[in-house]
Structures are given as structure tokens and as C-alpha cells.
Amino acid sequence: MTVRVRIAPSPTGYLHVGTARTALYNFLFARKNNGKFILRIEDTDVERSSKEMTDIIIESLKWLKLEYDEGPFFQSDYFSHYIDHIPELEKTGGIYRCFCTHEELEERKNKVIEQKKAWKYDRKCLNLSKEEIEKNLQEKKPYVWRVFIPEGKTYFDDLIHGRIEKDNSEIEDFIIVRSDNTPVYNFAVVIDDYRMEITHVIRGDDHISNTFKQIHIYRLLGVKPPEFAHLPLILDENKAKLSKRSGTVSVLAFRDMGVLPEAFVNFIALIGWSPGDNREILTIDEMIELFSFDRVAKKGGVFDYKKLEWMNSKYITNSSDEKLYELVKPFYKEYGIDIEKFDKEKVLKIIFSVKEKARYLKDFPYLTEFFFNDIKEYDKKGVEKHFVEEKLKHLKVLKEELKNLDDFSEHEIERVFKNYVEKTGIKGGDIIHPTRVALSGRTEGPSLFLMMEILGKDEVLKRLTKVLESDILKI
RNA sequence: GUCUCCAUCGUCCAGUGGUUAGGACACAGCUCUUUCAAGGCUGCGACACGGGUUCAACUCCCGUUGGAGACGCCA
């Protein structure tokens, strides 16, 4: 039997980090087993669902490169299919009409809660006589369909947790069809998973309590339930379920701050799963190769932004300059720099010069701004510390030596500096720091000699002259 | 409150009866060096508690405590 799994987000918000990881594990499991990975949009809540959100989900999945084999399917396209199963379910005697109104329910519920007891539907409509039902129907009283839960125990063997069991007395006669004749989630899921021949339901463990209910629907349908794998949740720093309140949870927000999709996928894969050894950096193919449910943790894991940052910086340094060039382009644009207007070879060198320092793609423009624009202001502390008479006088001499340098390359420049230091006996820093501030306005940045090579002889001399002849000295 | 799930460094993972309990992030320090959010090295730091089972428990069982999740005509 071919493995068929699905990711079933509801388009009521952005694609959540947790949903992304669930999608990833589904994807890995499908690829590992040569199965199919299917996208199904759970939009039975018509009021809260929207087209825009659906597009965002698809875009997010695309960005993560979690390509689905089938879909997207929309539950709203199948409303009638779900309801079609009602007569057959009714025949089993396992479901019944409930005419209780919200108000009645609320009232009875409050009474029970006042007594500090757990509320469960009290089955008021379970034993309605045929006549009463007919009468209600005649009066066009709205009703919902509920599933009758018999005595006994409900259990399933979870691929991650092992057997999970619950006494049926803890499960209420839940609703599967609303009074407006639309299916409620638990019902739609079962019908869809059945209809789509889903073999493995891989989802967050916040669905465990739903699973018990769904098993009863399968029972009434006379269908064997799929395998279940309930993933531990992703937590925030307070160890609560990661939610909008916790901070950034939208997958696209990570893209927009310059996280590489490969880094993101690698990072979330490792929350709740391990390749079996101490590897941290893995390609998607390695993950597919190594994926298995017995390497999935039972315990929820905290989303550690610092580690994501570290991992992203690793991926950035390991990316080629050419690839980075394309990735970084929009971030420069947003910063007001059109890198395409500059010599590409030069830009590639610029990217190379800082890629080990960047944590996010969005760091690049700031880190390299002085290559593209004139220096607007010099770091105050740097000026105080390095633009002092005795250091600048060396700078003046050095400038002349640089002027005579024909091969303005990193190594030749370095040689000039080394020679000068040797000749005069001053410390390297005494000349290097002032130069850096003069050329970039900053006290930190890429390797100085490489920076000078990239800037080019003319620009270097120009910037040095500007400092040496300006009134910065008189501060 | 009821039910369910869970429990190794601050965090993410290894460890499946006998280990000096391992790696990574973070943190601290040292170092390299021309700076740095980079590199290198070192350090700090955990088996929640109590009972069993066993020659032997971080590992198995039970309980306690703690945490989380679910308790919608939401998904």
C-alpha cells in the first residue's frame, strides 16, 4: 500500500511555524516511503477562511520547498459529500438528531459547572420518540447530528506515543453536523482522510483528544482508521504552545527577515527529531534518508531564536557569493541600494567580505553600506580614538605610498602596511584602525585590506584625503 | 476542575540496565588577529522527587510533584 499523508492547514491565519514543521515531517515521511504528500485546505469554517490566507499558505510551502504531490483540495468544495454519509450513519443507529438550542445548552452547562462537575452533553435528545422528532422536523426546528458514544474504552496505537486510551465515559456525544447542515471539523477530516485514502495522519499532539472522537466516526463508517503519529508541540520561551502572542510565528516573516529556507527547515526539523547522531547541519535529502518516528521526541520543544540565528549564519557563510547575490538583492533594494547598478564582480566581492558576519540576509545592506555610498558620518568613538595627530601623520605618509602602488590588491596593500610598520616600529593597529575609520566610518567591518581592494585605489585615496584635509581633526 | 500527554545541562537533541552522562545553541573566559556580530580553544552546566524490580538503574514498573494540551454548532 502506498503511503499517503496530508498537511491540512486551515486558512484562518498565516502558515504557522508549528504547521510548517508538521508539514515537513509529513513531507519527510512521504518521501522516505515513496509516498504522496497532499495539501488539503480545511476551510469548513467559511466565515473565518479567506482566499488570501490560502495563497499565503501555498506561498509559504513553496518557499520552504515542501512540494506537495496532490492538491490543494478544499473542504468547502465537498460540503455535500460529507452530508451524503449521514443516511448511512443514521442507519447504524450511531448518530442522532439533537434539537437543543445554544441557550438551553448554555443554561444546563452552567448548572453543571456551578456544581464543579465536568460538563458533557446530557443526551437530552438521545431518546426522543419518533413522534417528537417528526413534530420537531415539521416545525422546522433546527437540529444538529450527534454521535452516540457507547460504553467501553477507545484506544489507538500512536506511532510516537504507543497506545493511548480513554474511557468512553470521558467522551461526549459530539456534534458532526451543524444546524446549518455543514460538517464540523472532526467529521470532515474523517471523511476526507477516508476518501483520499490517507494512510498516516501526522499532526500535532493537540489533536489527541480529537482522535478519540474520530475513531468513533471510523467505527460507524465501518472503516479501519489510518495510522496516527502525534507530534510534540513547538513551545515558546514560557514553554507554552507557540502562538501569535509568543512573537514571530508566521513562516513568511522569517523569509522577510532574511532567513534561508534551508536553514529554517533544518532548524525546525531538529525541534522534536534527531538524525540519530550529533549532526546539526543536514540537507533535506539527508533528513529524508534518516527520518523515522522512533527518532521523534515525545516532549515539546522550545523554539530557540538564537539557535535559528546561528544556523542561518552557517547557511549564509556556506552559500556561494553568486547565490547570495540573488537572495540579497531585494534586501538592498529595500534599503535604498540597487546593487544591479554596480559592477557585479565588485558586488560579489563585497558580499564575500561580510558573509561570515551576517546572521540574516537583511544584515548585508547595513554591513556593506559604505561600499556603495559616501560616508555620512564617522563613528564618534572611532574618531576620538584614532583620528589623533600622531596617528594621522603616519596615515599621511602611508597615503603617499599607496599612491605609488600599481597593483592595488589585498596582498600588495597588506605588504605596504607591513613594511611601513616594520620601518617605523609603530604598532599595526596604530595605522590600521585609523585607516578603517577613514575608509568606512566605522570601527568594525570586513578584513581591511580586502576592503581596500574592493574600494579601489581612487576611492581609497579620495577617502583618506577627505579625512586628512577635513576639519574632523579639529573636533 | 476533568481527561490525556510529557519529564536528561538555561535551550535543542544523544544516551534504551553497567558511560568520567555526549554534542549543538546560549553564556563566561582565553586565544588569533587589523576590527567585528567571525575563527580556534577552554570552562560553566542536567538525569524533578519517592518507592519498588534487579547483582546493578538516567534507563523498567508504581506513585508524587511539576509542566503542557484538549475539553466549541473553531480548525
Side-chain angles (χ1 to χ4, degrees), chain A residues 8-13 42-45 47-49 75 98 100-102 105 113 115-120 142-146 158 160-161 164-167 169-172 174-186 188-189 204-212 230 232-233 235 237-241 267 270-281 294-295 297-311 313 317 354-359 363 367 382 414 417 421 427-433 435-437 440 442-451:
Chain A
S10 64
T12 53
E42 312 246 307
D43 57 350
T44 46
D45 183 356
E47 286 189 10
R48 292 201 298 154
S49 302
Q75 285 190 323
C98 170
C100 296
T101 63
H102 284 99
L105 250 20
I113 290 173
Q115 294 171 54
K116 297 216 166 181
K117 283 184 186 161
W119 159 261
K120 211 177 68 172
Y143 64 88
V144 299
W145 283 101
R146 284 184 188 271
D158 191 271
I160 292 167
H161 296 273
I164 302 180
E165 189 178 70
K166 184 177 251 192
D167 196 280
S169 63
E170 299 293 341
I171 307 171
E172 82 168 341
F174 61 101
I175 294 168
I176 55 171
V177 178
R178 301 186 185 98
S179 47
D180 64 0
N181 212 35
T182 57
V184 54
Y185 170 74
N186 276 126
V189 178
D205 68 18
D206 49 344
H207 279 286
I208 288 177
S209 53
N210 283 324
T211 308
F212 296 109
H230 287 96
L233 265 18
L235 278 19
E237 1 342 49
N238 302 316
K239 301 228 176 191
K241 185 174 164 180
F267 173 68
L270 262 24
I271 306 177
W273 174 77
S274 121
D277 51 28
N278 285 328
R279 255 182 288 183
E280 299 284 341
I281 306 288
D294 42 54
R295 302 221 62 87
K298 294 189 178 84
K299 188 176 61 158
V302 174
F303 189 93
D304 183 353
Y305 291 85
K306 280 278 175 55
K307 188 156 183 178
L308 202 215
E309 202 168 274
W310 165 80
M311 192 165 281
S313 69
T317 45
V354 295
K355 72 175 181 183
E356 277 194 356
K357 300 175 201 301
R359 291 202 183 295
D363 295 340
L367 251 19
E414 182 169 6
F417 272 72
V421 166
K427 279 189 291 184
D430 287 341
I431 191 67
I432 281 160
H433 294 304
T435 309
R436 176 184 296 286
V437 179
S440 69
R442 303 185 190 171
T443 54
E444 88 295 326
S447 161
L448 180 67
F449 308 123
L450 174 60
M451 196 171 111

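Lettering of chains follows the sequences in order, A, B, ..., and the numbering in each one begins at 1. Values below: every heavy atom of this structure, side chains too, minus hydrogens, waters and symmetry copies.
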Options C12(B), U4(B), A75(B), nucleotide nearest the side-chain atoms of Ser10(A): A75(B)
Over all strands shown, is Arg359(A) touching base, sugar-phosphate only, or nothing at heavy-atom distances under 4.0 angstrom? sugar-phosphate
Criterion side chain to side chain donor-acceptor pair (under 3.5 Å) on Thr211(A) and His230(A), from CA distance to verdict: CA-CA 10 Å; Thr211(A) 308; His230(A) 287 96; 3.0 Å; yes
Touch check for His102(A), heavy atoms < 4.0 angstrom, all strands: base, sugar-phosphate only, or nothing? base
Can you find a donor-acceptor pair, distance only, under 3.5 Å between Asn278(A) side chain and G22(B) base? yes
Between A26(B) and A37(B), how far is it from one C1' atom to the other, in whole Å? 14 Å
Distance-only donor-acceptor test, Asn210(A) side-chain atoms vs A75(B) base atoms, 3.5 Å: yes
Hey, does the side chain of Lys239(A) come within less than 4.0 Å of U11(B)'s phosphate (OP1/OP2), counting only N and O? yes
Whether Lys306(A) and Asp304(A) form a salt bridge (side-chain N of Lys/Arg under 4.0 Å from carboxylate O of Asp/Glu) is what I want to check. no
So, are Lys357(A) and Asp363(A) salt-bridged, with charged N and O less than 4.0 Å apart? no
Nearest whole angstrom, please: distance from the P of G1(B) to the NZ of Lys120(A). 20 Å
Base, sugar-phosphate, or nothing: which does Val144(A) touch, judged by heavy atoms less than 4.0 Å apart? base
The side chain of Lys299(A) is closest to which nucleotide in this list: C6(B), C36(B), A26(B)? C6(B)
Nearest listed nucleotide, side chain of Ser179(A), among C73(B), U8(B), U4(B): C73(B)
If the P atom of A21(B) is compared with that of C25(B), how far apart are they to the nearest Å? 22 Å
If you only use heavy atoms from C-beta on, which nucleotide in G69(B), G10(B), C6(B) is closest to the side chain of Asp304(A)? G10(B)
Please classify the nucleic acid contact of Gly204(A) as base, sugar-phosphate, or nothing, using heavy-atom distances under 4.0 Å. nothing
Non-hydrogen side-chain atoms of Leu233(A) and Asp206(A) separated by less than 4.5 Å: yes
Rounding to an integer number of angstrom, what distance separates U16(B) and C47(B) when you compare their C1' atoms? 14 Å
Tell me if the side-chain of Glu280(A) makes a donor-acceptor pair with the base of G23(B), cut-off 3.5 Å, by modelled atom types. yes
Choosing from A38(B), U11(B), C13(B), which nucleotide comes nearest the side chain of Lys357(A)? A38(B)
Among C25(B), U34(B), A70(B), the nucleotide that comes nearest once only the side chain of Phe449(A) is considered: U34(B)
Please state whether the rings of Phe303(A) and Phe267(A) are parallel, tilted or perpendicular, taking 30° and 60° as the class boundaries. perpendicular
Please state how far atom CG in Asn238(A) lies from atom P in G69(B), giving the value in whole angstrom units. 11 Å
Considering only heavy side-chain atoms of Ile271(A), the closest of C12(B), U4(B), A38(B) is C12(B)
G72(B) to A48(B) separation - C1' atoms, rounded to the nearest Å: 36 Å
Which of the following nucleotides, C25(B), C6(B), U34(B), is nearest to the side chain of Trp310(A)? C25(B)
Using the P atoms only, state how far U20(B) lies from C36(B), rounded to an integer number of Å. 42 Å
Take the protein atom CD of Glu170(A) and the nucleotide atom P of U4(B), then report the distance between them rounded to whole Å. 7 Å
Can you tell me how far C1' in A68(B) sits from the matching atom in C61(B), rounded to whole Å? 24 Å
Given C5(B), U35(B), C25(B), which nucleotide is nearest the side-chain atoms of Ile208(A)? C5(B)
Expressed as a whole number of Å, how far does the P atom of C5(B) sit from that of U64(B)? 14 Å
Expressed in angstrom and rounded to an integer, what is the separation of Glu237(A) atom CD from A68(B) atom P? 14 Å
Classify the nucleic acid contact of Glu165(A) as base, sugar-phosphate or nothing, counting any heavy atom under 4.0 Å across all strands shown. sugar-phosphate
If you go through the side-chain atoms of Lys298(A), does one of them form a donor-acceptor pair with the base of C6(B) closer than 3.5 Å? no
Considering every strand and a 4.0 Å limit on heavy-atom distances, what is the contact class for Phe174(A): base, sugar-phosphate, or nothing? nothing
Tell me if the aromatic rings of Phe212(A) and His207(A) count as close, with their centers under 6.0 Å from one another. no
Between A70(B), A75(B), G15(B), which nucleotide has the shortest distance from any of its atoms to the side chain of Tyr185(A)? A75(B)
Nearest whole angstrom, please: distance from the C1' of U34(B) to the CE of Met451(A). 10 Å
Interatomic distance where CD belongs to Glu356(A) and C1' belongs to G40(B) [whole Å]: 13 Å
If we take the C1' atom in both G1(B) and C60(B), what is their distance in whole Å? 33 Å
